[in-house]
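See structure below.
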Amino acid sequence: MTDPDLTPDLIAAHGLTPDEYARIESILGRAPSFTELGIFSAMWNEHCSYKSSKKWLRTLPTDGPQVICGPGENAGVVDIGAGPDGRKLALVFKMESHNHPSYIEPYQGAATGVGGILRDVFTMGARPVAAMNALSFGAPDHPRTAHLLRGVVEGIGGYGNAFGVPTVGGELRFHSAYDGNCLVNAFAAGLADAEAIFYSAASGVGMPVVYLGARTGRDGVGGATMASAEFDDSIDEKRPTVQVGDPFTEKRLLEACLELMASGAVISIQDMGAAGLTCSAVEMGDKGGLGIRLDLDRVPCREPGMTAYEMMLSESQERMLMVLRPEREAEARAIFEKWDLDFAVVGETIPEDRFVIVHGNETRADVPLSKLSSEAPEYDRPWDEPAAPAPLADVPRVDPVDALRALIGSPSYAHKAWVWEQYDTQVMGDTVRTPGLGAGIVRVHGTDKALAFTADVTPRYVRANPVEGGKQAVAEAFRNLCAVGARPLAATDNLNFGNPEKPEIMGQLVGAIRGIGAACAALDMPIVSGNVSLYNETDGVPILPTPTIGAVGLIEHLDDIIAGPPREGDLLLVVGESVGHLGQSALLAEVFNREDGDAPAVDLDAEARNGAFIRDNRAWIAACTDLSDGGLALAAFELAEAAGMGVTLNDDDLGALFGEDQARYLIATDFDSAEALMIAAGQAGVPIRTAGRFGGADVRLGSAQAPLEELSALYRGVFERLF
């Protein structure tokens, strides 16, 4: 097949600017071949190179005594102490986006997002034990919202359930800013022997480069480049760039990889995710300071007549690339044949800094490998400091129970069993706490330890005040872990923003990263992995800035979990200072259709102090949740409704009920334990007050009241009614 002419339009269609194309010609000393153009396009796009965000990502705290591996590998790794045999255990985890594919083809986009993040985890030698997802969709009445929601939820459940990993948590929101660009952020975590973590850096010259897993097809060709572009009215043309997943093949790939890793035959391994064979080979070679030579005639293909360009850019799923000890090739091949998976030696490591691609006995690409990865373009894009929000205008008085009805009748705050009941939350038999109320919890099999997982962000806050909004996303994740008795360990971030070439959008990204960094440092919760998803715009309209924080925590003993429901007659205590902040609140958004005022300030010292108070005094606490969206009223209702009982809150002031001040927790406990907590709080310098009582058949907010049965029917019926 003759290569097409490299016209300006073709170059632009590959996401390369004229300056970047000129740089390619300078590097090569000639015009690139079509295959080389595709390789540079894949490696230099935003999704793979982070060229707009690298400068700022370097400012994030990534170290700590608990960190075994920080950013730069397939996933982050933290120490969680000894396992049942006395060997040190590690938790491997990461969150990544599959936003653009999920908008184009929701089922496969979401399914392959789950598959990709699972591979990131087991590529490191870990067996996946938990999954989460963070989803953002357009307005409930938008024509595409129901279609996207159904497809994405079915795709997540279809892949995760068949693979066999429990989905234990996540978040879901609806806002018109996502009408043309939904967000699908997938999280996975796995357990590994801390002394047997596998990395991607190739080593040794002349080592065989081995292709593993499913065969290569044309699905997903150009997917990474598509993920680094805005949407417009040509969206349907992008459908072929969405991959197709097969969870049963992925399950076999998991078992084959773990078996091969245990054999000692593996030097390095990398999953084929974004940009497929190109990115995996380049990253392995670059991290090891080596070159790679690939012979594409040896690549297992499921479609005839595939070109070098197509093979190098295909994002077909369930594939791995490995550097293998040559004397173990027969053993490795036997393992993969046993699991009915392809195994092919497709190349070798070379000492020169070259990436050489041969197909049909012709050299289709020969480029300096390091120029593709570690020396990819990096931009210090101009950015604008966001304007300070105007002060909050007066909030009209409204009946507090009517306000609560508006919140629980909104799909963003309604009961979401319609979603999580489509996920297998109990597979593997170690799930302690399923989705629905706070952090998910999974037992570390064979031990008394447990792990807690959460994903959090409030995009309205980030748009109003990126620094405080970034802090708050970390702080809320921290609180969700503390609220179940877990010691926060580390976090992964998924930074979803619009077009970074617009200074106002770049300003949001810079501010959010600054806030995230400050909070992670203050709360000893380093960022150990993550993903940046930019260009989330349609026809120039950006999403809300959505820097999702996925966080993990450790519970040393199952008896230390705070997970019980409130009991009849329990007092309701609020830990933390309440001033009634209503700027950018759920109350404003859902009751008054307003998004004004400033985001709530985040006092990181108070967050650390109050979180430690909860963990240190867990023995006195029957039930606990953090206070965030919807404030005290929504949190108290959710706890009471889950326990099937009413609740009485003493105050009827809207700020006291629905204010979203930070560093706060709601506690349910009996009278004697409440006294002990009051004494402990005084000694620790932590604000605490009594705010009401659980029990009865009604929800009472000051003098306003409604039957729990009526409110519960509204709360639990939203998704069935809308979707």
Side-chain angles (χ1 to χ4, degrees), residues 68-69 72-75 77 83 85 87-90 92 115 118-128 163 190-216 249-273 276-277 279-300 316-351 369:
I68 296 173
C69 176
E73 276 293 338
N74 289 288
V77 187
D85 58 359
R87 295 174 66 87
K88 188 163 71 171
L89 283 175
V92 180
L118 289 169
R119 286 195 304 281
D120 280 337
V121 166
F122 70 76
T123 298
M124 304 285 291
R127 181 174 291 278
F163 177 86
L191 290 171
D193 183 334
E195 304 302 322
I197 303 296
F198 286 81
Y199 299 98
S200 58
S203 64
V205 174
M207 296 294 108
V209 175
V210 183
Y211 175 112
L212 307 167
R215 298 192 165 207
T216 294
T249 297
E250 179 116 332
K251 173 64 173 174
R252 301 200 315 275
L253 183 62
L254 161 72
E255 300 300 343
C257 285
L258 294 183
E259 184 175 342
L260 184 58
M261 289 168 173
S263 75
V266 178
I267 295 175
S268 63
I269 185 169
Q270 174 82 34
D271 87 295
M272 292 195 217
L277 189 54
C279 191
S280 56
V282 168
E283 289 190 358
M284 291 174 76
D286 190 52
K287 290 174 184 176
L290 294 167
I292 299 282
R293 182 185 186 279
L294 296 180
D295 182 352
L296 300 188
D297 293 322
R298 301 179 182 178
V299 171
S316 294
Q317 296 293 287
E318 295 86 42
R319 301 181 301 159
M320 295 281 193
L321 200 65
M322 182 181 296
V323 177
L324 190 68
R325 300 189 190 282
E327 69 276 12
R328 309 294 291 274
E329 180 183 333
E331 178 184 359
R333 185 183 299 276
I335 289 172
F336 273 76
E337 288 178 351
K338 180 184 77 173
W339 288 101
D340 194 23
L341 294 165
D342 276 288
F343 177 103
V345 177
V346 296
E348 64 177 350
T349 58
I350 58 177
L369 187 144

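Please read all numbers here as calculations on a predicted model, not as lab measurements.
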Rounded to the nearest 0.5 Å, how far does CE of Met284 lie from OG of Ser203?
9.0 Å
Please check: side-chain N/O of Thr349 versus main-chain N/O of Gly206, any donor-acceptor pairing under 3.5 Å?
yes
Restricting to non-hydrogen atoms, name the atom on Asn74 and the atom on Ile269 that form the minimum distance, rounded to 0.1 Å.
ND2-O, 3.9 Å
Quick one: CD1 on Ile335 to OG on Ser263, what's the gap to the nearest 0.5 Å?
4.5 Å
Min side-chain heavy-atom separation Tyr211-Arg298 under 4.5 Å
no
Between Glu255 and Arg127, does at least one N-O distance fall below 4.0 Å, as a salt bridge requires?
yes
Would Ser200 and Glu283 count as a side-chain contact (heavy atoms from CB on, under 4.5 Å) here? Give the steps.
CA-CA 7 Å; Ser200 58; Glu283 289 190 358; 5.5 Å; no
Checking Phe122 against Met261 for the side-chain contact (heavy atoms from CB on, under 4.5 Å) test, could you report, in this order, the C-alpha distance in whole Å, the side-chain angles of both residues, the deciding distance, and whether it holds?
CA-CA 10 Å; Phe122 70 76; Met261 289 168 173; 5.9 Å; no
Looking only at heavy atoms, which two atoms of Met207 and Pro326 are closest? And how far apart?
SD-CD, 3.6 Å
Give the minimum heavy-atom separation between Gly204 and Leu290, together with the two atoms involved.
O-CD1, 3.6 Å
What's the shortest heavy-atom distance between Ile68 and Ala194, and which atoms?
CD1-CB, 3.9 Å
Exam field: side chain Tyr199 to backbone Ala202, donor-acceptor pair closer than 3.5 Å
no
What heavy-atom pair brings Ala126 and Gly190 nearest, and what distance separates the two atoms?
CB-C, 3.7 Å
Under the side-chain contact (heavy atoms from CB on, under 4.5 Å) criterion, do Glu318 and Arg119 qualify, and how do the steps go?
CA-CA 8 Å; Glu318 295 86 42; Arg119 286 195 304 281; 4.3 Å; yes
Arg319 side chain reached by Leu321 side chain, heavy atoms, under 4.5 Å
no
In terms of heavy-atom contacts, Val266 and Leu260 come closest through CG2-CG, 3.8 Å
Distance in Å, Leu254 CG paired with Thr249 OG1, rounded so as to fall on 0.5 Å steps
12.5 Å
Phe163 vs Pro128 side-chain heavy atoms within contact, under 4.5 Å:
yes
Residues passing the salt bridge (Lys or Arg N to Asp or Glu O under 4.0 Å) test with Asp297, sequence neighbours excluded, are none
If we ignore hydrogens and angles and just use 3.5 Å, is the side chain of Arg252 paired with the main-chain N or O of Leu341 as donor and acceptor?
no
Starting at NZ of Lys251, measure out to CG of Leu253 and round the result to the nearest 0.5 Å.
11.5 Å
Evaluate side-chain contact (heavy atoms from CB on, under 4.5 Å) for Glu250 paired with Gln317, printing each intermediate quantity in order.
CA-CA 8 Å; Glu250 179 116 332; Gln317 296 293 287; 5.7 Å; no
For the atom pair CG (Leu324) and CD (Glu327), what is the distance rounded to the nearest 0.5 Å?
8.0 Å
Flag side-chain contact, heavy atom, 4.5 Å: Thr216 against Leu277
no
From Ile350 atom CD1 to Arg293 atom CZ, the distance as rounded to the nearest 0.5 Å:
8.5 Å
With Arg333 as partner, the option from Glu329, Glu337, Glu331 fulfilling side-chain hydrogen bond (donor to acceptor under 3.5 Å, both in side chains) is Glu329
